Amino acid sequence: MASLAQQFAGLRMKSPPLSTSKLPSSSPTWKPPRHTTTTTTHRPRGRPIASAYGVPPVLNSETRERLRLKQLFEDVYEQCRTDPMYGVPFTFEDFDTALENFDFNAEIGTKVKGTVLSTGAYGAVVDIGGKSSAYLPLQEACLYKLKHVEEAGLVRGLTDEFFIIGDDYYDDDSVVLSSRRIQYELAWERCRQLQAEDVVVKGMILGANKGGVETRVEGLIGFIPFSQISSQSAAEELLKKEIPLKFVEVDEEQDKLVLSNRKAVADSQAQLGIGSVTIGTVQTLKPYGAFIDIGGLTGLLHVSQISHDRVSDIATVLQPGDTLKVMILSHDRERGRVSLSTKKLEPTPGDMIRNPTLVFEKAEEMAQTFRQRIAQAEAMARADMLRFQPESGLTLSSDGIFGRFAADLPTEGLDLSVIAPAEEP
């Protein structure tokens, strides 16, 4: 036992003492962990606790990327805080100069492009690129009366052209817009085009005054004189009815739009050539003749064209509502007037007075006979002209009696009412 104690004592004497000067200065001083009453968190197995002893943890690639982005954000934030204009190619002075040079024309009477921002029961708010939004009232949304601007197609997000009609709507720099004014100009342009093309349009009768009736065409209010209405109906009977019309006068500067129903009806009856037979209805009687409705077109059957025999009182031969067949003697398309005859359809003179039913039955046959007589008269006249004036250049061709001069004849044809029937051989 004594020898063992001596041996251990010798070992302690041989071992060199520990010196703190030989430890690396960068090595952290170890301190035992403090014992607290906090509940110990159980760590997963296999993960060493390194940070607890001052050793930095091992970072994976995802964590390193997150830290890099965080550092980048902090750098950018600091840059924006200390130097907000860094990297901007222009200065505040340049921006102010650009705004001053921007010429926004918001004068009354000009047209601008705008985008509808919102709509309501009383109008729409429109962005036209100004300092403040513009306003479009409901009554300026369309030529027709509406209950909401969306009925005129003005919906949110729509970009369209508008007309500036006022300013300071909200006691600021806002302006008042109109779509109605744009449509108004387009409507007049459309009416001028339809007049140039001689097109038949439809118009509803809205009201009447002493001189005629009012209608609406292409959104514009037009006037139809009573003299240009083919029907003999009273103005009250035409209200809310749609009738065919043609343009007579289109004057935007004078705000004058005049139309004719007679011209439109005459155009629709263009197939009624001179000498043709059609069925008509007696509308009214006058001392000088009877007005006959021939499919929407009103013609005059003069008292001298009723019968070969003299008619002293038209009411003894015709009554309003009677149906009869008449021949077209002349057709003035410009004035919308048609001259008729039943005298040319009588098999024997006076049949229209004594036997009108026979005239009705033989109308087509007598019309054909009448046309043959006219053709014979033309042929005889042509032969006489060739015999006395061979140098005139007229020939017996299908061009008719007037030969090369046929192009100078009126387009509505000749008035056959002045041509006497040929004598029976």
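Predicted model, so just to flag it, every value in this text is computed and none were measured.
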Closest heavy-atom contact between A124 and V116? CB-CG1, 4.3 Å
Over all atoms of both residues, closest heavy-atom pair of I128 and A134: CD1-CB, 3.9 Å
How about [atom1] on [X], more than 12 heavy atoms from neighbouring residues, nucleotides or ligands closer than 6.0 Å, or not?
X    : atom1 : result
R192 : CZ    : yes
Q254 : CD    : no
M204 : CE    : yes

K111 and E185: CA distance, side-chain angles, deciding distance, side chain to side chain contact (heavy atoms under 4.5 Å, CB included) verdict: CA-CA 12 Å; K111 297 178 182 179; E185 294 179 353; 3.2 Å; yes
Going through the distances and angles, do D160 and K113 end up as a salt bridge (Lys or Arg N to Asp or Glu O under 4.0 Å)? CA-CA 6 Å; D160 204 351; K113 285 281 188 178; 5.4 Å; no
Working for side chain to side chain donor-acceptor pair (under 3.5 Å), residues T316 and D313: CA-CA 6 Å; T316 60; D313 185 5; 5.2 Å; no
The test is side chain to side chain contact (heavy atoms under 4.5 Å, CB included); show your working for V126 and T115 and say whether it passes. CA-CA 5 Å; V126 183; T115 302; 5.6 Å; no
Would the distance check show the side chain of [X] and the main-chain N or O of [Y] forming a donor-acceptor pair, the cut-off being under 3.5 Å?
X    : Y    : result
D351 : T348 : yes
R262 : S227 : yes
R354 : P349 : yes

Strictly by modelled atom types, are Q305 and S339 linked by a side-chain donor-acceptor pair under 3.5 Å? no
Please evaluate residues E242 and K202 with respect to the criterion salt bridge (Lys or Arg N to Asp or Glu O under 4.0 Å), reporting the C-alpha separation (whole Å), side-chain torsions for both, the decisive distance (0.1 Å), and the verdict. CA-CA 6 Å; E242 198 173 59; K202 293 287 187 178; 5.5 Å; no
What I want to find out is whether E346 reaches K362 closely enough, with some N-O distance under 4.0 Å, to be called a salt bridge. no
Residue pairs passing the side chain to side chain donor-acceptor pair (under 3.5 Å) test where at least one lies in residues 142-154, sequence neighbours excluded: T119-E150
Step by step, work out the side chain to side chain donor-acceptor pair (under 3.5 Å) result for Q79 and D75. CA-CA 6 Å; Q79 180 69 48; D75 294 342; over 6 Å; no
Once rounded to the nearest 0.5 Å, what's the spacing between atom NZ of K343 and atom NE2 of H308? 5.5 Å
Does V248 reach the side chain of K263, with side-chain heavy atoms less than 4.5 Å apart? yes
Could you label the plane-to-plane angle of the F73 and Y77 rings as parallel, tilted or perpendicular, counting under 30° as parallel and over 60° as perpendicular? parallel
Only residue of L259, N261, V200 satisfying side-chain contact (heavy atoms from CB on, under 4.5 Å) with K246 is V200
